[in-house]
Amino acid sequence: MLKGVPTILCPELLKTLDEMGHNDVLVLGDGNFPGSGIARAGGAKLIRADGIGAAEMMAAILQVMPLDEYVDTPVVLIEKEALDKDLPTPIWDEFAKIVAQHDPRGEKAIGRIARYDFYEQAKGAYCVVQTTESALYGCAMIRKGVIRPR
């Protein structure tokens, strides 16, 4: 056990977060996300987070990993498909609250892109964290920032 580290961050994920450098991307997948295939296609590390929701995992990750302040949107979500245009996405509100706790830009630090563009960009990620989030559109790409000296 480590003091101040969220217990849902398994040793493999902690090691991976530490190994990541500035501008590396972590993909947070929901239960429907094709995490294994995306990771395999891009050579990314796949880390399973079974029994953990995406918002809970995002909150834990952002406690230990800074967001990239050199890009406009260090967090990118999948935009809704036309078929789902009226579908409520309360997970996006959860993501926005979590990001606002860790980035002064708040919700402005979050962007959205089309699903297949998200999948293509995700293939370039450093790692994919596959949660069992049941909410639709509960995926995010998170770009790591720098830790500034105190």
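Side-chain atoms are counted along with the backbone in the values below, which use heavy atoms only and exclude waters and symmetry mates.
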- Query: Quick one: do Glu81 and Arg115 make a salt bridge, cutoff under 4.0 Å?
  - Reply: yes
- Query: So, Glu19 and Lys45, do they make that salt bridge, N to O below 4.0 Å?
  - Reply: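 Yes.
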- Could you give me the CA-CA distance, side-chain angles and deciding distance for Arg143 and Asn23, then say whether side-chain contact (heavy atoms from CB on, under 4.5 Å) is met? CA-CA 6 Å; Arg143 191 169 300 276; Asn23 202 40; 3.0 Å; yes
If you count heavy atoms of other groups shown closer than 6.0 angstrom to [atom1] of [X], is the number above 12?
{"X": "Asp93", "atom1": "CG", "result": "yes"}
{"X": "Leu83", "atom1": "CG", "result": "no"}
{"X": "Glu107", "atom1": "CD", "result": "no"}

- Apply salt bridge (Lys or Arg N to Asp or Glu O under 4.0 Å) to the pair Arg148 and Glu69, showing each step before the final yes or no. CA-CA 11 Å; Arg148 297 194 176 276; Glu69 59 193 349; 2.4 Å; yes
Could you tell me if the side chain of [Y] sits less than 4.5 Å from the side chain of [X], heavy atoms only?
{"X": "Val128", "Y": "Phe33", "answer": "yes"}
{"X": "Ile110", "Y": "Arg105", "answer": "no"}
{"X": "Val25", "Y": "Ile142", "answer": "no"}
{"X": "Cys139", "Y": "Leu77", "answer": "no"}
{"X": "Ile38", "Y": "Tyr119", "answer": "yes"}
{"X": "Asp68", "Y": "Val75", "answer": "no"}
{"X": "Arg112", "Y": "Phe118", "answer": "no"}
{"X": "Val64", "Y": "Pro6", "answer": "yes"}

- Using the rule that two of Ile, Leu, Val, Met, Phe, Trp, Tyr join whenever any of their side-chain heavy atoms come within less than 4.5 Å, decide whether Val71 and Val76 are in one cluster.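 As far as the 4.5 Å side-chain criterion goes, Val76 and Val71 are not connected within one cluster.
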- Message: Using the rule that Ile, Leu, Val, Met, Phe, Trp and Tyr join whenever any side-chain heavy atoms are under 4.5 Å apart, tell me whether Val99 and Val146 fall into a single cluster.
- Response: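 No, Val99 and Val146 fall in different hydrophobic clusters.
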State, to 0.1 Å, how close [X] and [Y] come at their nearest heavy-atom pair, and which atoms those are.
{"X": "Ala55", "Y": "Glu133", "value": "N-OE1, 4.1 Å"}
{"X": "Val129", "Y": "Ala49", "value": "CG1-CB, 4.0 Å"}
{"X": "Pro74", "Y": "Asp103", "value": "CG-OD2, 4.3 Å"}
{"X": "Met58", "Y": "Ala140", "value": "CE-CB, 3.8 Å"}
{"X": "Met20", "Y": "Cys127", "value": "SD-SG, 4.5 Å"}
{"X": "Gln63", "Y": "Gly4", "value": "OE1-O, 4.3 Å"}

- Query: What's the verdict on side-chain contact (heavy atoms from CB on, under 4.5 Å) for Lys85 and Lys80, showing C-alpha distance, side-chain angles and the deciding distance?
  - Reply: CA-CA 6 Å; Lys85 70 180 187 324; Lys80 288 193 262 184; 5.8 Å; no
- Message: Taking the cut-offs as 6.0 angstrom to the six-membered ring centre and 45 degrees off its axis, would you call Lys97 and Trp92 a cation-pi pair?
- Response: no
- Keeping the roles fixed (side chain from Thr131, backbone from Gly29), state whether a donor-acceptor pair exists under 3.5 Å. yes
- Whether His102 side chain and Leu62 backbone form a donor-acceptor pair below 3.5 Å: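 Confirmed, His102 side chain pairs with Leu62 backbone.
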- Query: Under the side-chain contact (heavy atoms from CB on, under 4.5 Å) criterion, do Ile52 and Thr132 qualify, and how do the steps go?
  - Reply: CA-CA 6 Å; Ile52 299 172; Thr132 51; 5.6 Å; no
Distance (rounded to the nearest 0.5 Å) between [X] [atom1] and [Y] [atom2]:
{"X": "Thr16", "Y": "Met65", "atom1": "OG1", "atom2": "CE", "answer": "11.5 Å"}
{"X": "Ile147", "Y": "His22", "atom1": "CD1", "atom2": "NE2", "answer": "11.5 Å"}
{"X": "Ile78", "Y": "Thr89", "atom1": "CD1", "atom2": "OG1", "answer": "12.0 Å"}

- Message: Quiz question: by atom type and distance under 3.5 Å, do the side chains of Asp30 and Tyr137 form a donor-acceptor pair?
- Response: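 Side-chain D/A pair, Asp30 to Tyr137: absent.
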- Per the side chain to side chain contact (heavy atoms under 4.5 Å, CB included) rule, which among Leu46, Asp50, Val27, Leu28 passes with Gln130?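 Only one of Leu46, Asp50, Val27, Leu28 forms a side chain to side chain contact (heavy atoms under 4.5 Å, CB included) with Gln130, namely Leu46.
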- Message: Does Met57 form a side-chain contact (heavy atoms from CB on, under 4.5 Å) with Leu9? I'd like the steps, not just the answer.
- Response: CA-CA 8 Å; Met57 183 56 77; Leu9 298 178; 3.8 Å; yes
